[in-house]
Amino acid sequence: MLDLKLIRNNPDLVRESLINRGEDAAPLDELLTLDEKHRKVLAEVEELRSRRNKVSQEIAQYKRKGQDPGDILEQMRDVSDRIKELDGEIRELGDQINALLLRMPNIPHSSIPVGPTEAENVEVRRWGSPRKFDFEPKPHWDLGVYLGILDFERAGKVTGARFAFLKGLGAKLERAVINFMLDLHTREHGYTEIFPPFMANETSMIGTGQLPKFGEDMFKCEGSGYYLIPTAEVPVTNYHRDEILEGDALPLHYVAYSACFRAEAGAHGRDTRGLIRQHQFNKVELVKFVKPENSYDELEKLVGDAETVLQRLGLPYRVVMMCTGDVGFAAAKKYDPEVWMPSYDRYVEISSCSNFEDFQARRANIRFRPGPGEKPEFVHTLNGSGVAAGRTVAAILENYQLPDGSVEIPAALRPYMGGLDRIMKR
RNA sequence: GGAGGGAUACCCAAGUCGGCUGAAGGGGACGGUUUGCUAAACCGUUAGUAGGGUCUAAGCUCUAGCGCGGGUUCGAAUCCCGCUCCCUCCGCCA
């Protein structure tokens, strides 16, 4: 959420940001009009309230002395009625302002490329190089089925499209990938591990920005009103919702495994095969709460931590900086590490690392006190996948496949696979 | 699922029949006095916050705020209605 005062004082900045994102600027003007009206009514009602408070004291005096307050009572009745009336207006205006505010995207950082679509995204670096196969490489969905470690057909029967069963060494590989990543981030990168709830309430979803705009992308649990989390970002960021953290405690670095659930509405026909786009997938998420002055350094480190995973696994990747049109609703700056996927013959997003600045902190009311007795300020929040487990498994199967359909296990994972170095058909 | 009890400031806790109670009393924390130093004692401070107005700013001022949302009333921590969360007991349960 943007600061209403910032919008009020710098409407042109906000307008430019909306245009750069390729969005309609009309809600901004509506917001400015409503805000002005809101403040006008607020001034009026507060004036009346002030008067009522004073007169009520006087009435109390009369009563105490046993005197008759006379017709002041009558007058105050009118004042109260008017207050009630104005309160209604204020509530309505406030609701409208809030609704608009919650749908207003973050202001992109000045360092990112400007453009309304993904076309302006910029590749910032590459690591490794795609392997040259001297045989026809198979896509992971064929390999996985051939090896008996992936089963999409039964998943379709048991649940539906975009689900998968992992079996035998496939299930073990998924678990190995997750544990490898958790160990790396906790032991070497200093993150504190969290195992969060996989469902969250509406307030949390608003806090991180999934709601009110993107409700259709999530699964809502009938009856309870809870949502299945689309990412561990939601529970972990909201972990500190409505808190004032001690300045000394920052930065806070958390890593959380969770299953993630996405409705993928509007993705019909895209990535219909394999593990790339599932309704449920596993992910290890990195979340940071930092002081504003450090947040861009922390973003670079966060991307680096995600990249380390891919490097240790020997998976070729590149990092893309997202432009204004592709940076995402809540982010000010975002890097997407993309892994080389032979079946797609291109790099595929495997992580997404964002600095939200105070956008989420404002929504979720997460602050810190810079020093004793000082005024609380909003923290900056960041998060990034470190990394998506399902896509990692897919990338390993494809990049490490051998001509006979077996798959080598990256050295870093072997300790997690009981020393096994190869998955073969059995 | 059944039956009770609770939610007040950093923590515990009082709030009488609605009106100088935006909140008694403790504890803690901070500041001071005393002291060779510590302890003790004594004195003082301890609403943080959000929003509005004014202003270059500092400041000044107003409003809100006793779990949340409504209602009654000139006036609500206090009365009424709805909700949420927590606790105890019983039942069920991985």
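None of these values were measured; they are calculated from a predicted model. Per chain, numbering begins at 1; letters A, B, ... match sequence-line order.
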- Under 4.0 Å: is that the gap between some side-chain N or O of A/Ser80 and OP1 or OP2 of B/U73? no
- Starting at atom CD of A/Gln75, determine the distance to atom P of B/G75, rounded to an integer number of angstrom. 14 Å
- Query: Name the stems that RNA chain B belongs to, where each is three or more consecutive Watson-Crick or G-U pairs with both distances under 3.5 Å?
  - Reply: B:1-7 with B:84-90, B:10-12 with B:25-27, B:28-33 with B:41-46, B:49-54 with B:59-64, B:67-71 with B:79-83
- Task: Rounded to whole angstrom, note down the P distance from B/G27 over to B/C43.
- Result: 12 Å
- Looking at residues at least two apart in the chain, or sitting in another chain, which of them share a ring pair (Phe, Tyr, Trp, His ring centres under 6.0 Å) with A/His185? A/His189, A/Tyr191
- Item | B/A14 versus B/U8 - spacing of their P atoms, nearest Å | 11 Å
- Task: Report, as a single string ordered 5' to 3', how protein heavy atoms within less than 4.0 Å touch nucleotides 58-65 of chain B: B base, S sugar-phosphate only, - not at all.
- Result: ----BSS-
- Query: Rounding to a whole Å, what distance do you find between A/Leu86:CG and B/G51:P?
  - Reply: 21 Å
- Query: Which whole number of Å gives the distance between the C1' atom of B/C83 and that of B/G26?
  - Reply: 33 Å
- Please state how far atom NZ in A/Lys37 lies from atom C1' in B/G51, giving the value in whole angstrom units. 20 Å
- Item | 4.5 Å side-chain heavy-atom contact, A/Lys288 and A/Asn383 | no
- Non-hydrogen side-chain atoms of A/Phe219 and A/Arg262 separated by less than 4.5 Å: no
- Query: Do the side chain of A/Thr231 and the main chain of A/Glu233 share a donor and acceptor less than 3.5 angstrom apart?
  - Reply: yes
- Query: Do A/Arg162 side-chain atoms and A/Arg277 backbone N/O form a donor-acceptor pair below 3.5 Å?
  - Reply: yes
- Quote, to the nearest angstrom, the P distance that separates B/U46 from B/G5. 37 Å
- Note on the structure: Ranking A/Pro376 and A/Arg8 by the position along RNA chain B of their nearest nucleotide, the one closer to 5' is A/Pro376
- How far does the C1' atom of B/A39 sit from the matching atom of B/C62, given to the nearest Å? 47 Å
- Tell me what A/Lys5 touches on the nucleic acid: a base, only sugar-phosphate, or nothing, going by heavy atoms under 4.0 Å. sugar-phosphate
- Which value, in whole Å, describes the distance between the P atoms of nucleotides B/U73 and B/C55? 39 Å
- Message: Can you measure A/Asp242 atom CG to B/A50 atom P for me and round it to whole angstrom units?
- Response: 13 Å
- Looking at A/Arg21, A/Glu120, A/Glu118, which hits side chain to side chain contact (heavy atoms under 4.5 Å, CB included) with A/Cys323? A/Glu120
- Message: With rounding to the closest Å, how many angstrom separate the P atoms on B/C30 and B/G70?
- Response: 40 Å
- For the side chain of A/Arg363 and the backbone of A/Leu102, is there at least one donor-acceptor N/O pair under 3.5 Å apart? yes
- Task: Give every residue pair that meets the side-chain hydrogen bond (donor to acceptor under 3.5 Å, both in side chains) criterion with at least one member in residues 213-222 of chain A, sequence neighbours excluded.
- Result: none
- Message: Donor-acceptor check, side chain of A/Asn238 to backbone of A/Val234, threshold 3.5 angstrom: yes or no?
- Response: yes
- Message: Looking at A/Leu31, is its backbone amide N or carbonyl O close enough to the side chain of A/Asp35 to form a donor-acceptor pair, meaning the two atoms are under 3.5 Å apart?
- Response: no
- Query: So does A/Glu153 have more than 12 non-hydrogen atoms from other groups sitting under 6.0 Å from CD?
  - Reply: no
- Message: I want to check something: taking the side chain as every heavy atom from C-beta on, are A/Leu6 and A/Val14 in contact at a cut-off of under 4.5 Å?
- Response: yes
- Message: Treating A/Asn201 as the side-chain partner and A/Ser204 as the backbone partner, does any N or O pair qualify as donor plus acceptor under 3.5 Å?
- Response: yes
- Toward the 5' end of RNA chain B, by each residue's nearest nucleotide, A/Met76 or A/Leu42: A/Leu42
- Task: Take the protein atom CG of A/Asp81 and the nucleotide atom P of B/G71, then report the distance between them rounded to whole Å.
- Result: 12 Å
- Message: Tell me whether A/Tyr226 at atom OH has more than 12 heavy atoms from other residues, nucleotides or ligands lying less than 6.0 Å away.
- Response: no
- Task: Report the residue from A/Asn282, A/Val339, A/Val387 that forms a side chain to side chain contact (heavy atoms under 4.5 Å, CB included) with A/Thr392.
- Result: A/Val387
- Item | side-chain N/O A/Arg77 vs B/U73 OP1/OP2, d < 4.0 Å | no
- Query: With rounding to whole Å, what would you report as the distance between B/U78 and B/G69 at their P atoms?
  - Reply: 13 Å
- When rounded to whole Å, the CZ to C1' distance for the pair A/Arg39 and B/G51 reads 11 Å
Atom pairs under 3.5 Å, N or O on each side, protein against nucleotides 16-20 of chain B: can you list them with distances?
unit_1 : atom_1 : unit_2  : atom_2 : d
B/G19  : O2'    : A/Arg64 : NH2    : 2.8
B/G19  : N2     : A/Ser56 : O      : 3.2

- Task: Figure out the CD/P separation between A/Glu202 and B/U84, and round it to whole Å.
- Result: 14 Å
- Rounding to a whole Å, what distance do you find between A/Leu93:CG and B/G52:C1'? 14 Å
Interface polar pairs with nucleotides 66-70 of chain B, N/O, under 3.5 angstrom:
none

